[in-house]
Amino acid sequence: MKIRHALVLLAVIFLLGLIVLMPATLIQAPVNRAMAPNAALVVTAGTIWSGTAKLTLFPAARPVMVPITWRFDPMAFLRLRLGFYIRADSAALAGTTRIGAGIRTIELRDTNLKIDSALINRIHSLLPMFGSRGTLHLTINEGDHIVMPYQATDGLRTVEGKLAAKIDSLTLGMFSSRPLGTYEIAVKLNNTTAEYLLVNATGPLKFDGGGAVSWGTNRSFVYRGFAVAPRESALLLTPLLAVGRPTADGRLQIDYSSKW
């Protein structure tokens, strides 16, 4: 009986050893299938519980390399997810997040990321035309989260949740060589629409109000609110006057919507 117990114990220890030492390369293929074609992951060291890798963004053209590290997050089990703390460290993308992988969806929590404008400009071909520069900070506060499916439906990526965004020292070279301002924005994601509200704006060009951006079958952009621009900057005032009307207090009231 003692020999039998010893054999069972050895088998359990062996299985636990296999689990603990499972190489991180085992997750490389499923992760890459989920991220394709926008990103690719190459594991460089470690196990599935703790390791390092190189994340390649836009792998098909002018790729951006982001070194990342991860470690196991046991608290994610309470939400029936396999979770990890992840840290990115590069000039283009830096910060931390908690990722929880479920059966059908992936979840982001406790996120604080800094994204350089050079990476943001890769999202849409029009952005570089404006000469945009600055830093985007994305934060998912405690108690909030973002959930998205692994696979897009009919080519559309759906997202649910809340986050806070801050655009720091935004510069649009087409209009001014100096920073136009810093903007703090609350974002609510619902399916294929992001509703946004400007909660604070500082600098020469100020906005308040909000609107929505949709990337669904009817892609659209909506903004309703007020803007204040330096009167000496004709390059800034001209496009704003085209979409807004002056008010008695010197602001411009804007009610704008368009397809994109």
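The first residue in the sequence is number 1, and the count goes up from there.
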Enquirer: With no hydrogens and no angle check, is any side-chain donor or acceptor of T44 less than 3.5 Å from a backbone partner on T52?
Expert: yes
Enquirer: Check S177 against T171 and note the closest heavy-atom contact, atom names and distance.
Expert: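 Minimum heavy-atom contact is O-CG2, 4.0 Å.
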Enquirer: Run the side-chain donor-acceptor check on residues 138-147: report pairs under 3.5 Å with partners two or more places apart or on a different chain.
Expert:
none

Enquirer: Could you tell me whether a side-chain N or O of T182 sits under 3.5 Å from a main-chain N or O of S169, the two making a donor and an acceptor?
Expert: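 Indeed, once roles are kept as given, a pair shorter than 3.5 Å links the two residues.
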Enquirer: State, with a plain yes or no, whether a side-chain heavy atom of R219 is found less than 4.5 Å away from one of K259.
Expert: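 Of all side-chain heavy-atom pairs linking K259 with R219, none is under 4.5 Å.
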Enquirer: Look at atom CE of M75 and say whether more than 12 heavy atoms of other residues, nucleotides or ligands are closer to it than 6.0 Å.
Expert: no
Enquirer: For the residue pair A227 and I254, what are the closest heavy atoms and their distance?
Expert: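 Where A227 meets I254 most closely, the heavy atoms are CB-CD1, 3.9 Å.
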Enquirer: Considering non-hydrogen atoms only, spot the tightest contact between A76 and L82 and give its length.
Expert: CB-C, 4.2 Å
Enquirer: So, the side chain of R178 versus the backbone of P204: is there a donor-acceptor pair under 3.5 Å, distance only?
Expert: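 No; zero donor-acceptor contacts below 3.5 Å.
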Enquirer: So do the side chains of I86 and T69 get within less than 4.5 Å of each other, counting heavy atoms only?
Expert: no
Enquirer: A side-chain contact here means heavy atoms from C-beta on lying under 4.5 Å apart; do S90 and P67 qualify?
Expert: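 SC-SC contact between S90 and P67 confirmed.
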Enquirer: More than 12 foreign heavy atoms under 6.0 Å from CD1 of I103: is that the case here?
Expert: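 Not buried by this count: 12 neighbours or fewer within 6.0 Å.
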Enquirer: Are any side-chain N or O atoms of W215 and backbone N or O atoms of R157, one a donor and one an acceptor, separated by less than 3.5 Å?
Expert: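 Yes, because the side chain of W215 sits within donor-acceptor range (under 3.5 Å) of the backbone of R157.
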Enquirer: Could you check if a side-chain atom of P63 sits within less than 4.5 angstrom of a side-chain atom of F58, using non-hydrogen atoms only?
Expert: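 Answer no - side chains too far apart.
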Enquirer: Tell me if a side-chain donor or acceptor on T47 pairs with a main-chain N or O of W49 at a distance below 3.5 Å.
Expert: yes
Enquirer: Would you check if L198 and Y183 make a side-chain contact, meaning some heavy-atom pair closer than 4.5 Å?
Expert: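 A side-chain contact exists here, since the closest heavy-atom pair is under 4.5 Å.
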Enquirer: Do V228 and L252 come within less than 4.5 Å of each other through their side chains, counting heavy atoms only?
Expert: no
Enquirer: Output yes when a side-chain donor or acceptor of E160 lies under 3.5 Å from a complementary backbone atom of N191, and no otherwise.
Expert: yes
Enquirer: Is any side-chain heavy atom of L180 less than 4.5 Å from a side-chain heavy atom of L172?
Expert: yes
Enquirer: What pairs of residues pass the side chain to side chain donor-acceptor pair (under 3.5 Å) test when at least one of them lies in residues 94-105, not counting sequence neighbours?
Expert: D73-R98, R81-T105, T97-T111, R98-D110
Enquirer: Around K206, counting heavy atoms of other residues, nucleotides and ligands shown, do more than 12 lie under 6.0 Å from its NZ?
Expert: yes
Enquirer: Any donor and acceptor pair, going by atom type alone, linking the side chain of Q28 with main-chain N or O of V43 inside 3.5 Å?
Expert: yes
Enquirer: If you take all heavy atoms of L156 and T192, which pair is closest and at what distance?
Expert: CB-CG2, 4.5 Å
Enquirer: Just grab all the ring-ring contact (aromatic ring centres under 6.0 Å, His included) pairs involving residues 191-213, residues at least two apart or on different chains.
Expert: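 Listed once each, the pairs are F207-Y223.
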Enquirer: Identify the heavy atoms of L197 and G209 that sit nearest to each other, and give their distance.
Expert: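 Taking L197 first and G209 second, the nearest heavy atoms are CD1-O, 3.4 Å.
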Enquirer: T135 versus I115: any side-chain heavy-atom pair under 4.5 Å?
Expert: no
Enquirer: Among residues at least two apart in sequence or on other chains, which ones pass side-chain hydrogen bond (donor to acceptor under 3.5 Å, both in side chains) with D89?
Expert: none
Enquirer: Which atom pairs, one a donor and one an acceptor, fall under 3.5 Å between side chains of residues 237-249 and the rest of the protein, sequence neighbours left out?
Expert:
residue: T238; atom: OG1; partner: A234; partner atom: O; Å: 2.8
residue: R245; atom: NH2; partner: Q253; partner atom: OE1; Å: 2.6
residue: T247; atom: OG1; partner: D249; partner atom: OD1; Å: 2.4
residue: T247; atom: OG1; partner: R251; partner atom: N; Å: 3.3
residue: T247; atom: OG1; partner: R251; partner atom: O; Å: 3.1
residue: D249; atom: OD1; partner: R251; partner atom: N; Å: 3.2
residue: D249; atom: OD2; partner: R251; partner atom: NE; Å: 2.9
residue: D249; atom: OD2; partner: R251; partner atom: NH2; Å: 3.3

Enquirer: For F77, enumerate each residue passing the ring pair (Phe, Tyr, Trp, His ring centres under 6.0 Å) test, keeping only those at least two apart in sequence or located in another chain.
Expert: F72
